[in-house]
Amino acid sequence: MVVVHDTDSIPAPDRIDSLNAAFADRESPQSVTYVNTAAIRHTMELFDLGSGMHLLRNVGTGLHIVRSARHVRQGAPDQLAIAMQTRGWGLAVTSDGPVAFAPGGLKIVDTTKPYTYQQSAVSDHTVMLIDPTLLALPMDVLRKAAPGLRASPVYGLVRAHFVGLCNTPTDLPTDAAASVGVATVQLIRALITTSIDDPRRAEAMHDTEAVRIRMFIESLLHDPTLSVERIAAAHNVSARQLYNIWARSGNETTIAEWIMHRRLERARRSLADADPRVSIAAVARASGFTNMSHFSQRFRKAFQTTPREWRDLRRVGD
């Protein structure tokens, strides 16, 4: 994600005007007031995921937002907001009632209707703003699904996807970001249709098969018992069907090869970032390897250097 606003870089007397301008530029029309105008601190990070959607992370002090009927009538593009609180709390109130934001949960806010929102003195939350037409679902379906998202079988995967997007350190190339955006739309559509009894749920789950399989694999890279049979069983398909799904999704490597590639990438990243007191063997185990000799051979073949040489090189570079 890219920092698009940081009050620490702005003189204190100018922070309110600057922050209001940032909100006006990035979000739907609304009025914002601040709990403690003498101690405003706010950071805004953006992840553009292609036409009609972006991820916005806001870390800051207490505030109160009002999106009135007048704001709605101003004609800004309709947006569906799917938010996750990381720290602190938030409370949105719409004509349908209050929506409480607690750390770790996903919530939907319908920005096509008036609402108010307030957040705690210290808050960290991320919101996906998406053009509802991308989901190809009626607004009444989106509103009906809002209270029961946790009932969806893909709730945990979508939540993990949000966390992963928040931890993306820099902007992706435009085509890669657009691909992530397409996968995100598919996951959110599956989340919504499977949280209620909607006839499109089977279609939505089918469309997300490849994405869900990849995310399942990513979540278990640390587990040396991860296998094709286990992946297939988790998705209620046979091993043969799993191979067909994998091939249809455009993968140029086998499932086993992709698992090995991702484990090695994880180990390489961990060796560069981990505390020097963490052993190479511990990094290997956390990446799904049980045999150090096998890990070292694979690492050298993939990166033309040994794990120790790579870690030492990164230390010198730092």
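Note that the coordinates shown come from a computational prediction; the quantities given were computed from them, not determined experimentally.
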Measure the shortest side-chain to side-chain distance between [X] and [Y] over non-hydrogen atoms and say whether it is less than 4.5 angstrom.
X    : Y    : value
I280 : R308 : yes
D110 : Y115 : no
V228 : Y243 : yes
E45  : N58  : no

When you measure from the side chain of [X] to the backbone of [Y], do you find a donor-acceptor pair of N or O atoms at a distance under 3.5 Å?
X    : Y    : answer
E203 : R200 : no
R67  : P29  : yes
S296 : M292 : yes
E309 : T306 : yes
H294 : T290 : no
R57  : T126 : no
S249 : W246 : yes

Distance-only side-chain donor-acceptor flag, [X] / [Y], under 3.5 Å:
X    : Y    : value
Y34  : N20  : yes
T116 : H64  : no
N291 : R298 : no
S152 : S195 : no
R143 : T112 : yes

For [X] and [Y], work out which heavy atoms get closest and say how close.
X    : Y    : result
L221 : R262 : CD1-CB, 3.7 Å
R212 : M205 : NH2-O, 2.7 Å
S31  : R70  : OG-NH2, 4.5 Å
G104 : R159 : O-NE, 2.5 Å
R263 : F289 : CB-CE1, 3.7 Å
L55  : M128 : CD1-CE, 3.6 Å

Flag the pair F23 / H42 as yes when their ring centroid distance falls below 6.0 Å, and as no otherwise.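 Under 6.0 Å, so yes.
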Ring centres of F101 and H125 under 6.0 Å apart?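 Judged by ring-centre distance (under 6.0 Å), F101 and H125 do not meet the cut-off.
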With R41, which of D8, D6, N36, T61 fulfils side-chain hydrogen bond (donor to acceptor under 3.5 Å, both in side chains)?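 Single pass found, and it is D8.
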Rounded to the nearest 0.5 Å, what's the gap from NE2 on H5 to OG on S18? Could you check?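 Between atom NE2 of H5 and atom OG of S18 there are 3.5 Å.
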For the atom pair CG (L242) and CD1 (I255), what is the distance rounded to the nearest 0.5 Å?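 Going from CG on L242 over to CD1 on I255, the span is 3.5 Å.
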Taking distance alone, no hydrogens or angles, what donor-acceptor pairs closer than 3.5 Å link side-chain atoms of residues 131-142 to residues at least two apart or in another chain?
unit_1	atom_1	unit_2	atom_2	d
D131	OD1	T133	N	3.0
D131	OD1	T133	OG1	2.9
D131	OD2	T133	OG1	3.1

Consider only side-chain heavy atoms of I, L, V, M, F, W and Y, link residues closer than 4.5 Å, and tell whether [X] and [Y] are in one cluster.
X    : Y    : value
L165 : L80  : yes
I188 : V163 : yes
L220 : I245 : yes
Y155 : I108 : yes
L191 : I213 : no

In sequence, state the C-alpha distance, the side-chain angles, and the governing distance for D223 and R230, and then conclude on salt bridge (Lys or Arg N to Asp or Glu O under 4.0 Å). CA-CA 11 Å; D223 188 342; R230 184 176 174 186; 2.7 Å; yes
Should we count CG of D197 as having more than 12 external heavy atoms under 6.0 Å? no
Greater than 12 external heavy atoms within 6.0 Å of F216's CZ: yes
Flag this pair as yes if the NZ/CZ of R268 is under 6.0 angstrom from the six-membered ring centre of F299 and inside a 45 degree cone about the axis; otherwise no. no
R214 to W258, cation-pi by 6.0 Å centre distance and 45° axis angle: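 Yes, R214 lies over the aromatic ring of W258.
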side-chain hydrogen bond (donor to acceptor under 3.5 Å, both in side chains) for H161 and T184? Distances and angles first, verdict last. CA-CA 8 Å; H161 184 60; T184 302; 2.7 Å; yes
